[in-house]
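Accompanying notes for the structure given below.
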Amino acid sequence: MAILTQLAAASAAAGLPGRFEVHKVGDQYDVIGSEVADERGVLRPVSPLLDTPVTLAENERTVTGLIQAVADSLSVSVGRRVLTVLPLNVLGERTDQGFTEKPAREAIRAALAKARGDWVWTLNYDISSRTYYLNINRAR
Amino acid sequence: MTLLCAVLLGAPGVVFSYANGTVTVTTDYRRGVGMIVEGLRERYGWKVNYEDVPIVYRGDYDDLTAPTYQPKGPEDRALDPRVTAL
C-alpha cells in the first residue's frame, strides 16, 4: 500500500489534475479520485461516481449483465453516460445477486467475485463527452 | 561498490528502474496515476482498481484537436488531462 500512497502524494506534488486516496479492501486496493479543481481552479472534494448507491432486483443474469446493469443504473442516477468496456466471451457465469442501496463499487466487486479468476476495474473519464468508461480487466 | 541498475518497460509508457534495492516507477503519459496503476498490475500482479476524477478546470486539460479539424460540437474535441512527468 505504501507505494500507492506514495504515488498519490507524488501526483499531488507534481500538480497532476485531481487528488487520489488509496483504500485497501480485502486483497484489493482502490485508488480513487477524491478531489478535483472546479471551473475556477479551486480544489474541491468530489463524490466518487462509484460511491453512488445502486438498487437492483435479484434476477438471474450473467456477471457481464450485472455489471452492465450497475453501469446503466449509475447513468440514470448521475445523469451522465457510464459505458462499459467488458472482455468478450468471459464473465459469463450466472448469478442471481441483487443490491439494495449498495455503493456501486461494492456491487461491482461482488459481481466480479462470482466470476472465475481475479478481475480489476479502471474507471476513466472523457472530458469532452463527459462520459465515464468502466473497463474490466483480468488481474495478472 | 557495485551498482546494479535495470530499466524495464511495464505498461506502455511506464518505466520501472531498479537500483540499489529500490524500485522507481515513472511515466510521462497522461493519466499518470492510472498508467502507473496499470503498470503495477502488469508487473507485480497487484489487484488495484483505479477511478479517475471528472476534470472540468481548463488548466487541467489540453485541447489536442487538430487545428485544421472543424469540430461538429463541444463534445467533438480531443481533450485530454494535462501531462506532467510522474
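Chain A is the first sequence line, chain B the second, and so forth, proteins listed ahead of strands; every chain is numbered from 1. Both backbone and side-chain heavy atoms feed into the values below; hydrogens, waters and symmetry mates do not.
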**Message:** Counting heavy-atom pairs closer than 4.5 Å to chain B, which one of A/Val25, A/Ile32, A/Val42 comes out on top?
**Reply:** A/Ile32

**Message:** Within residues 51-78 of chain A, which residues come under 4.5 Å of chain B, heavy atom to heavy atom?
**Reply:** none

**Message:** Please evaluate residues B/Arg41 and A/Thr122 with respect to the criterion side chain to side chain donor-acceptor pair (under 3.5 Å), reporting the C-alpha separation (whole Å), side-chain torsions for both, the decisive distance (0.1 Å), and the verdict.
**Reply:** CA-CA 11 Å; B/Arg41 286 175 187 161; A/Thr122 297; 2.9 Å; yes

**Message:** Under 4.5 Å between side-chain heavy atoms, counting indirect links through other Ile/Leu/Val/Met/Phe/Trp/Tyr residues: same cluster for B/Ile36 and B/Tyr18 or not?
**Reply:** yes

**Message:** Need one label for A/Ile108: side chain, backbone, both or neither, based on atoms under 4.5 Å from any heavy atom in chain B.
**Reply:** neither

**Complete:** Closest non-hydrogen atoms of B/Asp80 and A/Ile127, given as atom of the first, atom of the second and distance, are C-CD1, 3.9 Å

**Message:** Side chains of A/Ile3 and B/Leu40, heavy atoms from C-beta outward: is any pair under 4.5 Å?
**Reply:** yes

**Prompt:** Atom CG of B/Asp52 and atom OH of A/Tyr133: how far apart are they, to the nearest 0.5 Å?
**Reply:** 12.5 Å

**Request:** Report whether A/Leu83 and A/Leu112 are members of the same hydrophobic cluster (ILVMFWY, side-chain heavy atoms less than 4.5 Å apart, transitive linking).
**Result:** no

**Prompt:** With the 4.5 Å side-chain cut-off for hydrophobic clustering, are B/Tyr44 and A/Leu7 part of the same group?
**Reply:** yes

**Asked** What residue, out of A/Trp121, A/Tyr132, A/Tyr29, has the most heavy-atom pairs lying under 4.5 Å from chain B?
**Response** A/Trp121

**Asked** What part of A/Ser34 is in contact with chain B, defined as an atom under 4.5 angstrom from a non-hydrogen atom: side chain, backbone, both or neither?
**Response** backbone

**Prompt:** For the residue pair A/Ala37 and B/Tyr57, what are the closest heavy atoms and their distance?
**Reply:** CB-CB, 3.7 Å

**Request:** Among A/Arg130, A/Glu39, A/Arg80, single out the residue with the greatest number of heavy-atom pairs under 4.5 Å to chain B.
**Result:** A/Glu39

**Prompt:** How long is the span from the CD1 atom in B/Ile55 to the OG atom in A/Ser128, to the nearest 0.5 Å?
**Reply:** 11.5 Å

**Request:** Write down the atom of A/Ala139, the atom of B/Lys47, and the distance for their closest heavy-atom approach.
**Result:** CB-CG, 3.9 Å

**Prompt:** Which atoms form the tightest heavy-atom contact between A/Gly15 and B/Arg82, and what is the distance?
**Reply:** O-NH2, 2.8 Å

**Asked** From A/Leu43 CG over to B/Asp60 CG, what is the distance, rounded to the nearest 0.5 angstrom?
**Response** 8.0 Å

**Item:** Atom pair CG (B/Asn49) and CZ (A/Arg109), whose distance is rounded to the nearest 0.5 Å
**Value:** 6.0 Å

**Asked** Is there a donor-acceptor pair under 3.5 Å between the side chain of A/Ser11 and the backbone N or O of B/Val33?
**Response** no

**Message:** Are more than 12 heavy atoms, taken from residues, nucleotides or ligands other than A/Arg116, located less than 6.0 Å from that residue's CZ atom?
**Reply:** no

**Request:** Look at A/Ala8, A/Ala10, A/Gly41 and state which one has the largest set of heavy-atom pairs under 4.5 Å with chain B.
**Result:** A/Gly41

**Fill in**
So, the part of A/Gln6 with a heavy atom under 4.5 Å from chain B: the answer is neither

**Message:** Among A/Gly33, A/Pro17, A/Pro48, which residue has the highest count of heavy-atom pairs closer than 4.5 Å to chain B?
**Reply:** A/Pro17

**Request:** Report whether A/Val120 and B/Val25 are members of the same hydrophobic cluster (ILVMFWY, side-chain heavy atoms less than 4.5 Å apart, transitive linking).
**Result:** no

**Asked** Would the number of heavy atoms belonging to other residues, nucleotides or ligands and lying under 6.0 Å from CD of B/Gln70 be above 12?
**Response** no

**Toward chain A, the part of B/Asp76 with a non-hydrogen atom under 4.5 Å** = neither

**Message:** Below 4.5 Å, heavy-atom pairs only: which of B/Ala78, B/Pro54, B/Gly45, B/Gly32 has the largest tally toward chain A?
**Reply:** B/Pro54

**Item:** Given A/Asn124, A/Leu134, A/Leu123, the one that forms side chain to side chain contact (heavy atoms under 4.5 Å, CB included) with B/Glu51
**Value:** A/Leu123

**Request:** Could you tell me which portion of B/Pro74 (side chain, backbone, both or neither) has an atom closer than 4.5 angstrom to a non-hydrogen atom of chain A?
**Result:** backbone

**Asked** Taking A/Asp126, A/Val46, A/Asn137, A/Leu50 one by one, which has the highest count of heavy-atom pairs under 4.5 Å against chain B?
**Response** A/Leu50

**Asked** Rounded to the nearest 0.5 Å, how far does OH of B/Tyr50 lie from CG of A/Asp30?
**Response** 13.0 Å

**Item:** Working for salt bridge (Lys or Arg N to Asp or Glu O under 4.0 Å), residues A/Arg138 and B/Glu42
**Value:** CA-CA 10 Å; A/Arg138 194 182 287 279; B/Glu42 290 192 4; over 6 Å; no

**Complete:** Bottom line for A/Asp27: the part with an atom under 4.5 Å from chain B's heavy atoms is both

**Prompt:** Side chain, backbone, both or neither: which part of A/Leu49 has a heavy atom under 4.5 Å from chain B?
**Reply:** neither

